[in-house]
J.: 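Pasting a structure below so you can have a look.
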Amino acid sequence: CYGGDVSAGQPLQLRLPATTYSFTLADVAPNCVVTSPNPATVTVVADSTVELAYAVSCVALGFVEVSVPVSGSDVQDDFTVSCTVGDCGYTPMRAPGPLRLALAPGAYIFTLSSWSLQPNCQVSGPSTLAVQVSSGATARISFPVSCLPFGEIHVSVNAADPSHTYRLQYPAGCDDYYTPCATHGVRPGFPVSIRVPAGVYGLTLIDVPANCRVTSANPANVAVTSG
């Protein structure tokens, strides 16, 4: 397989054995089309030069501006926007934007990725929006996000040995693969406060010394409200 990079208006010269070849012009920009045969067949004769020219037609790109206005408390700044129809992939952005994307004309579907949202935040309207991109024009879409204030869990350990550090792990049933665990160290006599979104949490005290046992509920369920 022979090949090389070629720029418009700058011919690429290849030295090849005499025979018949099929050439394909690849990596064509999404807003361009090849209007001549592609692939094209040429026959190379010894001690001669054969020319192969491709005709490419392009239209002006269009633009999409994505905004993410955020309201509420304990807000976040960073999000990820994905394009599920149309080849624009995943793009990080900082709120409120706008994020400006240059795209070939056509229909696109944009989504504010749910995994990029903090647990205390949600999209106030549709999280998926369709948009039509026109050549030389700008289309604008917006994903309003609202966030609720975090609540707090206050944790204390009553034990005879104040030098040992226990670990508090949550949520209940977490693991290292599907539901990652959050842990916090806590020592007897030194309460800790953990800021978390509103919800019900299963808390487990671990790293308990072998000569000790937890006499209260473990794991313990705690309901947290916003603010």
J.: Report yes or no: does Arg187 contribute a side-chain atom to a donor-acceptor pair with the main-chain N or O of Pro162 at less than 3.5 Å?
T.: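 Yes.
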J.: Could you please spell out the steps behind the side chain to side chain contact (heavy atoms under 4.5 Å, CB included) verdict for Leu205 and Val157?
T.: CA-CA 9 Å; Leu205 192 67; Val157 175; 4.1 Å; yes
J.: Is there a path of hydrophobic side-chain contacts, each under 4.5 Å between heavy atoms, that joins Tyr90 and Met93?
T.: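 Shared cluster, no.
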J.: Does any donor atom in the side chain of Thr35 or Ser57 lie under 3.5 Å from an acceptor atom in the other side chain?
T.: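 Short answer, no.
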J.: Is Gln122 atom CD crowded by more than 12 heavy atoms from other residues, nucleotides or ligands, each under 6.0 Å away?
T.: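 Incorrect, the count does not exceed 12.
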J.: Among side-chain atoms of Ser71 and Ser146, is any donor-acceptor pair under 3.5 angstrom?
T.: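 Ser71 vs Ser146: no donor-acceptor pair found between side chains.
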J.: List the atom of Gln132, the atom of Ala139, and the distance in Å for their closest heavy-atom pair.
T.: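 Closest approach of Gln132 to Ala139, heavy atoms only: O-CB, 4.0 Å.
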J.: What distance separates Tyr21 OH from Leu14 CG, expressed to the nearest 0.5 Å?
T.: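 It comes to 9.5 Å.
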J.: Could you give me the CA-CA distance, side-chain angles and deciding distance for Arg100 and Val66, then say whether side chain to side chain contact (heavy atoms under 4.5 Å, CB included) is met?
T.: CA-CA 7 Å; Arg100 185 173 173 87; Val66 184; over 6 Å; no
J.: Is the Lys NZ or Arg CZ of Arg195 less than 6.0 Å from the centre of Phe150's six-membered ring, within 45° of the axis?
T.: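 No - Arg195 does not lie over the ring of Phe150 by the 6.0 Å and 45° rule.
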J.: Taking all heavy atoms of Phe143 and all of Pro126, pick out the closest pair and write down the distance.
T.: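 Closest heavy-atom pair between Phe143 and Pro126: CD2-O, 3.5 Å.
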J.: Relative to the ring of Tyr170, is the ring of Tyr201 parallel (under 30°), tilted (30 to 60°) or perpendicular (over 60°)?
T.: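 Ring orientation of Tyr201 relative to Tyr170: perpendicular.
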J.: What is the minimum heavy-atom distance between Val64 and Val131, and which atoms define it?
T.: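 Looking at all heavy atoms of both residues, the shortest contact is CG2-CG1, 4.3 Å.
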J.: Enter the distance from Arg140:CZ to Phe63:CZ here, rounded to the nearest 0.5 Å.
T.: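 Interatomic distance, Arg140 CZ to Phe63 CZ, rounded to 0.5 Å: 11.0 Å.
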J.: Does Val28 form a side chain to side chain contact (heavy atoms under 4.5 Å, CB included) with Val34? I'd like the steps, not just the answer.
T.: CA-CA 8 Å; Val28 180; Val34 181; 3.8 Å; yes
J.: So does Ala60 get a backbone contact from the side chain of Ser135, meaning a donor-acceptor N/O pair under 3.5 Å?
T.: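 Pair found, side chain donor or acceptor close to backbone of Ala60.
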J.: How long is the straight-line distance from CG of Asn31 back to CG of Leu61, given to the nearest 0.5 Å?
T.: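 The distance works out to 4.0 Å.
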J.: Where is the tightest heavy-atom contact between Asp161 and Pro188, given as atom of each residue plus distance?
T.: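 Closest approach of Asp161 to Pro188: O-CG, 3.4 Å.
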J.: Which heavy atom in Val70 sits nearest to a heavy atom in Cys147, and how many Å separate them?
T.: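 Val70 and Cys147 have their closest heavy atoms at CG1-SG, 4.0 Å.
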J.: Give the ring-plane orientation class for His164 versus Tyr166, where under 30° counts as parallel, over 60° as perpendicular and anything between as tilted.
T.: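 Because their plane-to-plane angle is over 60°, the rings of His164 and Tyr166 count as perpendicular.
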J.: Mind listing the closest non-hydrogen atom pair of Gly202 and Asn221 along with its distance?
T.: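 Nearest heavy atoms, Gly202 then Asn221: CA-OD1, 3.5 Å.
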